Protein chains: 2
Amino acid sequence: MIYYSSYCKHLVAVDCIIFGFDQEKINILLHKRKFEPYKGNWSLFGGFLNEKENLDAAAVRILNSLTGFTNIYLEQLFTYGNVDRDSERVISVAYYALIKTDQYSSFEGGEYDAVWFPLEELPELILDHNIMVNKALRRLRRKASSEPIGFELLPDKFSLPRLQRLYEAIYGEDFDKRNFRKKILSMGLLEKLNEKDKTESKKGAFLFRFDKDKYDELIGKGEGFEL
Amino acid sequence: MIYYSSYCKHLVAVDCIIFGFDQEKINILLHKRKFEPYKGNWSLFGGFLNEKENLDAAAVRILNSLTGFTNIYLEQLFTYGNVDRDSERVISVAYYALIKTDQYSSFEGGEYDAVWFPLEELPELILDHNIMVNKALRRLRRKASSEPIGFELLPDKFSLPRLQRLYEAIYGEDFDKRNFRKKILSMGLLEKLNEKDKTESKKGAFLFRFDKDKYDELIGKGEGFEL
DNA sequence: TCAAAAGTGTTAGTGTTACACCCATGA
DNA sequence: TCATGGGTGTAACACTAACACTTTTGA
């Protein structure tokens, strides 16, 4: 039985803000739009929702088809629904993604024609995409201090100096090395490995791994991640 | 010029979670659905997005047409887009609203056929509306501690005991009276009036008013509300 | 041997929590 | 006069922030 046929229907798009970390700063992946209108201008990765497709699934599909990424952290951000935000009336549901860039190293300039831009050097984007990026960044900052999403931007094994540089990049400020270690280790969520990362120093820095099981256990007890 | 005509269109709905505070507990306003499907079942207040209507405007319109409320706090919550969430494929953008219930006192049972339910006694709602309510409550809890949205649930003038009861209701736990006062007053955002509320005690409690100008000033300095 | 990054503890200060009594008033 | 809720200060404790030197090792 069809009940809602008298109501008007709308185009629904999904746009993805993709964050990556290159050991030094947070970057956003952009590409030049492939279709009209605004063809050739810098844009987030977006597409339209299909007829029998869950919203989250559309985000995964669009991300994969435009970048090749699979199995990445993806979270709904906000829905933009002003009538005049695009040349036609389109509702856009924005998602943001966190990429472990080490898994997609030789990426730039490849088949996907995507370019990483540092946060401070973003070009002008089409439509309201700059606004979306801003909101995504605020969300990333908030979430990174209350949930362990930062690890989604790092390889599975990482050194503490690298983790610290990540958080410094996210918040745009420097932290004290000793205080940072103390706090992050005191949560008991990092497993220290018997390996070192020697790419950044001669001495080498011990590698750690985020312990998801222990995190789930803490969540069960009403505790969790707090930086 | 029309570019997007080949893409499929979708029904887009707006659903509103309406919070109120009755001096004792947090309530949610519900009504029995007026149309098929699920007619007669408990439901949030919802409707469909019109053709040339901003998303926020639709939320305002729907809220007003179903409850008579005007000029209330309204914020986008989340967008629900699973294919099977309704009997037909409908994308629903959820909003939550905070009501100063004193402004709508003789409301229940009136022309709008709406009923306030305490949080702990919610009935089963249609579709994914219970999930929406849960998410709204989590959002309310998070926001109430970092932004002065609690005042949207109180009359313009309120006593500190009442403000405290509000926060206790939101978080479901009791706070120490002296610590609560100390913290909230130390922000310097409450203006003490020369009036007392004598409805709750013989002695009477001084009334305060939230000072929005001072809050905006603090925000400009990078500070703000933190409970 | 030296440059460059990794690793390590302590202290002062700040904020948080816990706690008990007097006050004002209407019934 | 007494029952009810309003209003007030302090001390222990926990957490945060500031700070400097030693270690390792490849070049």
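In this text the structure is predicted, and so the values were computed from the model without any measurement. Labels below follow one simple rule: chain letters A, B, ... track the order of the sequence lines, proteins then strands, and each chain is numbered from 1.
Defining each end axis of the helix from C:dT1-D:dA27 to C:dA27-D:dT1 as the rotation carrying four pairs' C1' atoms onto the next four, with five pairs an end, the two axes are found to diverge by 0° to 10 degrees.
Of the N and O atoms on the side chains of A:R165 and A:Q23, not one donor lies less than 3.5 Å from an acceptor on the other residue.
At whole-Å resolution of the value, CZ in A:F208 and C1' in C:dG7 are 10 Å apart. Going from atom CZ of A:F175 over to atom P of D:dC15 covers 19 Å, rounded to whole Å. Between the NZ atom of B:K192 and the P atom of D:dG7 there is a distance of 7 Å, given to the nearest Å. Computed from coordinates, the B:L227 CG to C:dT16 P distance equals 10 Å when rounded to whole Å. Atom-to-atom, CE of B:M187 to P of C:dG15 comes out at 14 Å; the value is rounded to the nearest Å. The nearest whole Å value for the distance from the CZ atom in B:F180 to the C1' atom in D:dT8 is 16 Å. When the C1' atom of D:dT8 is taken as reference, atom CG of B:L160 falls 13 Å away, rounded to whole Å. Put simply, CZ on A:F206 is 19 Å from P on C:dA5, counting in whole angstrom units.
Phosphate proximity of D:dG7 to B:R181: present, with a side-chain N or O under 4.0 Å from OP1 or OP2.
With hydrogens and angles ignored, no donor-acceptor pair under 3.5 angstrom links the side chain of A:R178 to the base of D:dA17. Between the side chain of A:K203 and the base of C:dA6, a donor-acceptor pair under 3.5 Å is found.
Distance from the side chain of B:K177 is smallest for D:dG6 among the nucleotides D:dG6, D:dC19, C:dT16.
Toward the 5' end of DNA chain D, the nearer of the two residues A:K183 and B:P161, judged by each one's closest nucleotide, is B:P161. In terms of position along DNA chain C, the nucleotide closest to A:K202 lies nearer the 5' end than the nucleotide closest to the other residue of the pair A:K202 and A:K182.
Between the CG atom of B:L63 and the CG atom of B:N71 there is a distance of 11.5 Å, given to the nearest 0.5 Å. Rounding to the nearest 0.5 Å places CG of B:D56 at 6.5 Å from CG of A:N82. Between B:L29 atom CG and B:I17 atom CD1 the span is 12.0 Å, to the nearest 0.5 Å.
Under the 30°/60° scheme for interplanar angles, the aromatic rings of B:F151 and B:F210 are found to lie parallel. In this structure, A:F180 and A:Y167 have tilted ring planes: the angle between them lies in the 30° to 60° band.
Ring to ring, B:Y80 and B:F78 are close: their centroids are under 6.0 angstrom apart.
Within the nucleic acid shown, B:K198 comes within 4.0 Å of sugar-phosphate atoms alone, with no base atom in reach, counting heavy atoms only.
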